[in-house]
There are 2 protein chains.
Amino acid sequence: MSLVLPSSGRRVPCEQCPLRALPTFRDFSAEELRFVSDFKRGELVAETGATVVSEGTKSAHLYTLLSGWAFRFKTLLDGRRQILNYVLPGDLIGLQGSIEGEIEHSVEALTPLILCVFPRNRLHDLFKGYPGLAFDITWLSAREERMLDEHLLSLGRRTALERAAYLLAFLHSRAERVGLAGDKLLHIPLTQQHVADTLGLSIVHTNKTLRKLASQGLINWLDRSCVILDPDGLRKLAEWEQPKEHKRPLI
Amino acid sequence: MSLVLPSSGRRVPCEQCPLRALPTFRDFSAEELRFVSDFKRGELVAETGATVVSEGTKSAHLYTLLSGWAFRFKTLLDGRRQILNYVLPGDLIGLQGSIEGEIEHSVEALTPLILCVFPRNRLHDLFKGYPGLAFDITWLSAREERMLDEHLLSLGRRTALERAAYLLAFLHSRAERVGLAGDKLLHIPLTQQHVADTLGLSIVHTNKTLRKLASQGLINWLDRSCVILDPDGLRKLAEWEQPKEHKRPLI
DNA sequence: CGTTACGTTGAAAGCTTTCAAGCATCGTGG
DNA sequence: CCACGATGCTTGAAAGCTTTCAACGTAACG
């Protein structure tokens, strides 16, 4: 269940990174691109259910998710699990570890993943030689903070139904910005257990809550995935405003 | 209620900052100190209850809290409030705003505050000329992330009693590291409404929960403050491990 | 074809909120 | 000086939300 395939070497050169072509990501100078490309040590493939990062360990690497869906979580000793946030293409993984030593959360794959691998020990070079990229890293960290703030508001003060609506609207919005929504309806690759562990609810109550959203025509649950039918309806129900579009960095 | 007194000019030179002398903070080189000192534009005083930062606004400044207690929060339209985290001496305020434009949370004083004021627009100079300080800013951001991760685990998966114990142990631990606990018992300047809005509970249930902690001899509630009698007991009850001591930066 | 993982439901038990009321302290105006 | 309103802390009881317990259906897999 925690299998990560060994690095399969370089496949996608950064200059031709399919993500980088998306309008969400800011343009990089040729020099920046050269550094990032050199910074990248290779790629890692992980299958669904694989643990990419483990709570309490130190990793010599940072990752950027190239494709797939993953999630960050923490657990209590008796097994209670809390999902902290989701990881989508373009997101940086493992920054916290370069800060405090051991990383304090785990990361698990919801789908097969491809990750770009960066050596943590060269982060210093990045900060020294590329202040723009250094600022980008801070930017990404502050963005994560903003998302966590919203999750906290949700867990603390929204009702179960609002929380579920918020989560699905949030994931829809993020997926859309990295081109995963397309014209067709978006399928989010989750089980109801994941939703429960994100919302802080029991699996039974989560089921009943999702049923309610489905009965209102907002979503459809099938297989191991959630189909978003009405993102605006979800947003309205959760009283959540999508953050404004900002070009963001891709490291 | 949202009164912030105008800048009262420089009082404490960074080189003689009383915080900097604490063992928690890492040593700064003379050059770094010179930059920070120059970066600091002045001081701001805020009284209890004052709003230092308002959700949805843009601020030209960043702050470091020099003394006092404050908290960050968000609210829903109907007034439901969620406290996201607490701000203690040495903490940076407003970084999120320099990233995404508008800041997405508010900050309010729990006690009278003294804040160091920094112009946001010089952040670029900092990143360009002082990679070590730039890394410090990222470090602080990642530290905040780690705290938010823990709060999420707490809100999502801990019982009311565990949550309360966690919160108080957490605040005790943070206060201790900036020299606020001393030999005497620590008084945390909170009302039960603050605790309720942090834990995602109603005020009534919060009262009953705090009563239970008090009956177990872990805390004492008096006035508008919580006295921590047994931090270890609280930690054990919450199943929470204090993060390891790390020297941290002070900007 | 038994096993496992995932989704679904009903009902009882338990936790939390809401409603109501009361007490204490503090600062203010009469 | 004292009444009064505002704020903060307490408690009991009823209502409501959520969890737990139990059971069942389906699909995928070896």
Side-chain angles (χ1 to χ4, degrees), chain A residues 1 47-50 71 76 78-83 108-111 154-165 167-168 187-216 219-227 237, chain B residues 1 47-50 71 76 78-83 108-111 154-165 167-168 187-215 219-227:
Chain A
M1 235 354 192
E47 56 186 34
T48 301
F71 63 94
L76 292 172
D78 63 5
R80 282 175 284 177
R81 176 175 78 168
Q82 178 63 37
I83 294 182
E108 191 178 310
L110 282 170
T111 67
S154 211
L155 274 186
R157 289 303 183 207
R158 275 194 251 252
T159 66
L161 195 69
E162 290 169 341
R163 255 183 266 181
L167 173 64
L168 298 173
H187 287 240
I188 302 177
L190 288 173
T191 67
Q192 298 194 350
Q193 185 66 64
H194 291 120
V195 176
D197 288 347
T198 310
L199 303 184
L201 298 172
S202 71
I203 177 89
V204 172
H205 196 59
T206 297
N207 177 276
K208 288 170 183 166
T209 303
L210 290 172
R211 231 78 258 300
K212 212 170 283 180
L213 288 181
S215 78
Q216 294 179 26
I219 65 164
N220 226 326
W221 198 274
L222 40 95
D223 263 0
R224 315 164 82 257
S225 82
C226 177
V227 183
L237 174 46
Chain B
M1 236 356 194
E47 57 186 34
T48 302
F71 63 93
L76 292 171
D78 63 6
R80 282 176 283 178
R81 176 175 79 168
Q82 178 64 37
I83 294 183
E108 191 179 311
L110 282 170
T111 67
S154 212
L155 274 186
R157 289 304 183 207
R158 274 195 251 253
T159 65
L161 195 68
E162 291 169 340
R163 255 183 266 182
L167 173 64
L168 298 173
H187 287 240
I188 302 177
L190 289 172
T191 67
Q192 298 194 352
Q193 185 67 64
H194 291 120
V195 176
D197 287 348
T198 310
L199 303 184
L201 298 172
S202 71
I203 176 89
V204 172
H205 196 59
T206 297
N207 178 275
K208 288 170 183 167
T209 304
L210 290 173
R211 230 77 258 300
K212 212 171 284 181
L213 289 181
S215 78
I219 64 165
N220 226 324
W221 198 275
L222 42 94
D223 263 358
R224 314 164 82 256
S225 83
C226 177
V227 183

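Labels below follow one simple rule: chain letters A, B, ... track the order of the sequence lines, proteins then strands, and each chain is numbered from 1.
- Interface residues of residues 192-202 of chain A facing DNA chain C, ordered by number: A/Gln192; criterion, heavy-atom separation under 4.0 Å.
- Considering every non-hydrogen atom in both A/Arg163 and A/Gly200, the closest pair reads NH1-O, 4.3 Å.
- A distance of 15.0 Å separates CG in A/Leu213 from NZ in A/Lys208, rounded to the nearest 0.5 Å.
- Between A/Leu168 and A/Ile219, the shortest heavy-atom contact is CD1-CG2, 3.9 Å.
- Taking 4.0 Å as the cutoff to heavy atoms of chain B, we find the contact window on DNA chain D bounded by D/dG8 to D/dA13.
- For the side chain to side chain donor-acceptor pair (under 3.5 Å) condition, the pairs that include at least one residue of residues 194-206 of chain B, sequence neighbours left out, are A/Arg157-B/Asp197, B/Arg81-B/Asp197, B/Tyr86-B/Thr198, B/Thr191-B/His194, B/Gln193-B/Asp197.
- Evaluation of the salt bridge (charged side-chain N to carboxylate O under 4.0 Å, His left out) rule for B/Arg211 yields no partner, not counting sequence neighbours.
- The closest donor-acceptor contact from the side chain of A/Arg224 to the backbone of A/Leu190 lies at 3.5 Å or more, if one exists at all.
- Among residues two or more places apart in sequence or in another chain, the side chain to side chain contact (heavy atoms under 4.5 Å, CB included) test is passed with A/Ala109 by A/Leu113.
- Shown for residues 203-216 of chain A: residues whose heavy atoms fall under 4.0 angstrom of DNA chain C, namely A/Val204, A/Asn207, A/Lys208, A/Arg211.
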Quick one: what's the B/S/- string for nucleotides 22-28 of chain C, heavy-atom cutoff under 4.0 Å, read 5' to 3'? -------
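- The side chain to side chain contact (heavy atoms under 4.5 Å, CB included) check on B/Glu162 picks up A/Arg80, B/Arg158, B/Thr159, with sequence neighbours excluded.
- Atoms CG and CD1, from A/Leu110 and A/Ile83 in turn, are 7.0 Å apart once rounded to the nearest 0.5 Å.
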One pair to check against side-chain contact (heavy atoms from CB on, under 4.5 Å): B/Leu155 and B/Gln82. What are the steps and the verdict? CA-CA 11 Å; B/Leu155 274 186; B/Gln82 178 64 37; 3.7 Å; yes
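- Scored by the side chain to side chain contact (heavy atoms under 4.5 Å, CB included) test, B/Asn220 finds B/Val227, B/Leu229 as partners (sequence neighbours excluded).
- Within the 4.5 Å cutoff, the side chain of A/Gln216 has heavy atoms near those of the A/Leu161 side chain.
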